[in-house]
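Worksheet: one structure, shown below.
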Protein chains: 2
Amino acid sequence: MTNVDVPPTTIQRLPIYLRCLMQAQAMRMPVINSLGIAEMAGTNAAQVRKDLSYLGELGTRGIGYDVDSLIAHILKWLGLTEVRRSAIVGYGRLGSSLQSYPGFEDRGFVMVAILDADPEKVGQRVGDIVVDPIGDLERIVAEKNVEIILLTVPAEVAQAVADQAVSAGVKAILNFAPVRLDVPSDVAVRHADLSVDLQVLSFHLNKTRTTDS
Amino acid sequence: MTNVDVPPTTIQRLPIYLRCLMQAQAMRMPVINSLGIAEMAGTNAAQVRKDLSYLGELGTRGIGYDVDSLIAHILKWLGLTEVRRSAIVGYGRLGSSLQSYPGFEDRGFVMVAILDADPEKVGQRVGDIVVDPIGDLERIVAEKNVEIILLTVPAEVAQAVADQAVSAGVKAILNFAPVRLDVPSDVAVRHADLSVDLQVLSFHLNKTRTTDS
DNA sequence: GTATGTGAAACGATTCACAGCT
DNA sequence: AGCTGTGAATCGTTTCACATAC
């Protein structure tokens, strides 16, 4: 059914549009036009129209986009109408902070397991989840039908842990470890790599200083 | 001095190359070629050569790149030879997990302040830093010469806090709040937005399921 | 009149392929 | 012979501009 010819750059912007639309909805706006979305999202109207046109003809010429129905369409396209069973693998400081991240439990993503290598942490209760040993990863993934893992283990073991997760059937990984993961092409990986962002910022600090002369 | 015509996509890859080179250095490799870097980084040799060629003629034909000197060049280009004074603004779970993130204190980035709105947290000691009230943001930024802030405050106040930081002289922001920040063009912003990544992963989960038929 | 949807143009990034250096 | 550096070709993305629909 779903046409798969949506450019990757468009896909990355859909969650942002979605957020803007939810805001518009909260402000009781029944309709919004491409310029309105663009201003909220920090792009331009042409970009918004091109992006949305990949999902179909969702707007009304002369009027704009119906907020409610556009939200519904984007949710559908992003697969956010289904529950996504996820697990945190590596329950250190970062891992534990992810639980309480806003927009997690409250939108489709459900945390069904937490795993850690540290015997001290195993058995610990976190809400209604009990921390499991990382050695049980494959069993837990299979049993609890985990689709996404949030990988917050040390860089040295990230690849090995990812391999286990993949062999147990995980199809999406959000990787916080500063290493490139090697996975089969049917597994999606996103890198949430803080140090890369910091270094890019460092570059910009340099640039502004050298340009100011 | 520094030529500013490096494509943004290249800049984003430089930190990754840097990491690979450090690994090569740790393995006592004196020289590496573009294919070697590419395999470690998950790209192709042509890409690596194009990227590095923007920084100058750093390799030797017939041989490859000297690991030590290439590392030095990339560090220089990314401005990582200078100390980057940074502050955490918003000391919740996420904020506190950032301190201990590997590759922070140990590479140029120095945490000089932590701020929070919660009176309970203000005054708390964190290593050799005392948590300051967020109302003192402008004073602290000016006094401690903060260049980068890690913004981990709730979305509702992120823009207001960013505005204060910018007016006090901050030139780079790593924004963890799920909102688009409006800042002057000389201020660099990077979005570390977990929920966008999760939603992109959700899209891919959908796709593989629908394509498998 | 107003705003979408979309071919076409412009731009930017990646890949190719080879000349040039060691 | 081996590998870099780089123009040229290719590919993908963004922007333009307007026909189309309300």
Side-chain angles (χ1 to χ4, degrees), chain A residues 3-17 20-21 24 29-74 77 180 185 196 200 203, chain B residues 3-17 20-21 24 29-74 77 180 196 200 203 207:
Chain A
N3 186 350
V4 195
D5 281 9
V6 184
T9 44
T10 294
I11 294 162
Q12 293 210 113
R13 278 187 297 265
L14 290 179
I16 294 161
Y17 298 156
C20 299
L21 290 163
M29 295 172 64
V31 168
I32 191 167
N33 63 25
S34 56
L35 182 62
I37 299 173
E39 281 172 350
M40 293 177 96
T43 358
N44 61 72
Q47 179 84 84
V48 171
R49 289 201 302 276
K50 244 291 141 66
D51 284 338
L52 295 179
S53 75
Y54 291 114
L55 315 194
E57 303 201 5
L58 306 178
T60 313
R61 294 166 197 231
I63 309 286
Y65 300 88
D66 179 81
V67 173
D68 291 346
S69 94
L70 186 50
I71 287 176
H73 270 99
I74 297 181
W77 271 83
R180 227 69 204 169
S185 63
V196 169
V200 173
F203 172 86
Chain B
N3 187 349
V4 194
D5 281 9
V6 184
T9 43
T10 294
I11 294 163
Q12 292 211 112
R13 279 186 296 265
L14 290 178
I16 294 160
Y17 298 156
C20 299
L21 290 163
M29 296 172 65
V31 167
I32 192 167
N33 63 26
S34 56
L35 183 62
I37 299 173
E39 281 172 350
M40 293 176 94
T43 358
N44 60 72
Q47 179 84 81
V48 171
R49 290 202 301 277
K50 246 283 143 66
D51 284 339
L52 295 179
S53 75
Y54 291 115
L55 316 192
E57 303 202 5
L58 306 178
T60 313
R61 291 165 198 232
I63 309 288
Y65 300 88
D66 179 81
V67 172
D68 291 347
S69 95
L70 186 51
I71 288 175
H73 270 99
I74 296 180
W77 270 83
R180 229 69 204 166
V196 169
V200 172
F203 172 86
K207 202 180 51 175

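What you are looking at is a predicted structure, and each value in this text was computed from that prediction instead of being measured. Values below: every heavy atom of this structure, side chains too, minus hydrogens, waters and symmetry copies. Numbers restart at 1 for each chain; the letters A, B, ... are given by sequence-line order, proteins then strands.
- Comparing atom distances between the Y54(A) side chain and each of dG5(C), dT4(D), dT14(D) picks out dT14(D) as nearest.
- The closest side-chain heavy-atom distance from L52(B) to I37(B) is below 4.5 Å.
- OP1 and OP2 of dT13(D) both lie 4.0 Å or more from every side-chain N or O belonging to T10(A).
- Following rounding to the nearest Å, L70(A) (CG) and dT4(C) (P) show an atom-to-atom distance of 11 Å.
- Between Y65(A) and dC22(D) there is no side-chain polar atom (N or O) within less than 4.0 angstrom of OP1 or OP2.
- The side chain of R13(A) places an N or O atom within less than 4.0 Å of a non-bridging phosphate oxygen (OP1 or OP2) of dT14(D).
- Closest to the K50(B) side chain, of the nucleotides dA8(D), dC22(D), dA17(D), is dA8(D).
- Looking only at side-chain heavy atoms (C-beta outward), W77(A) and V6(A) come within less than 4.5 Å of each other.
- Counting only heavy atoms from C-beta on, N44(B) has its side chain closest to dT15(C) among dG5(D), dA19(D), dT15(C).
- One atom, CD1 of I37(A), and another, P of dA3(C), lie 13 Å apart when rounded to the nearest Å.
- Between I11(B) and Y54(B), every side-chain heavy-atom pair lies at or beyond the 4.5 Å cut-off.
- At whole-Å resolution of the value, CG in L55(B) and P in dT6(D) are 12 Å apart.
- The residue L58(B) sits close only to the backbone: its heavy atoms come under 4.0 Å of sugar-phosphate atoms, none of a base.
- Considering every non-hydrogen atom in both M40(A) and I32(A), the closest pair reads SD-CD1, 4.1 Å.
- Remark: the R49(B) side chain and the dT4(D) base include no donor-acceptor N/O pair separated by less than 3.5 Å.
- Atom CG of D66(B) and atom C1' of dC3(D) are 15 Å apart (whole Å).
- L14(B) is not listed as a side-chain neighbour of F203(A), based on a closest heavy-atom distance of 4.5 Å or more.
- For the pair G62(A) and L35(B), both in contact range of DNA chain D, the more 5′-proximal nearest nucleotide belongs to L35(B).
- Set against dT6(C), dG5(D), dT20(D), the side chain of S53(A) has dT6(C) as its closest nucleotide.
- In this structure, the nucleotide among dC3(D), dT4(C), dT13(D) sitting nearest to the side chain of N33(A) is dT4(C).
- Rounded to whole Å, the distance from CD1 on I32(B) to P on dC3(D) is 12 Å.
- Closest to the side chain of A46(A), out of dT4(C), dC16(D), dC22(D), is dC16(D).
- Distance R61(B) CZ to dC21(C) C1': 5 Å, rounded to the nearest Å.
- Between the CD atom of Q12(B) and the P atom of dG12(C) there is a distance of 16 Å, rounded to whole Å.
- For T60(A), taking side-chain heavy atoms from C-beta onward, the closest of the listed nucleotides dC3(D), dT14(C), dC22(D) is dC22(D).
- Phosphate proximity of dT15(D) to Q47(A): present, with a side-chain N or O under 4.0 Å from OP1 or OP2.
- Straight-line distance from the CD atom of E57(B) to the P atom of dG7(D): 11 Å, rounded to whole Å.
- Considering only side-chain N and O atoms, S34(B) lies under 4.0 angstrom from the phosphate OP1 or OP2 of dT4(D).
- With contacts defined as side-chain heavy-atom distances shorter than 4.5 Å, the pair T60(B)/D66(B) does not qualify.
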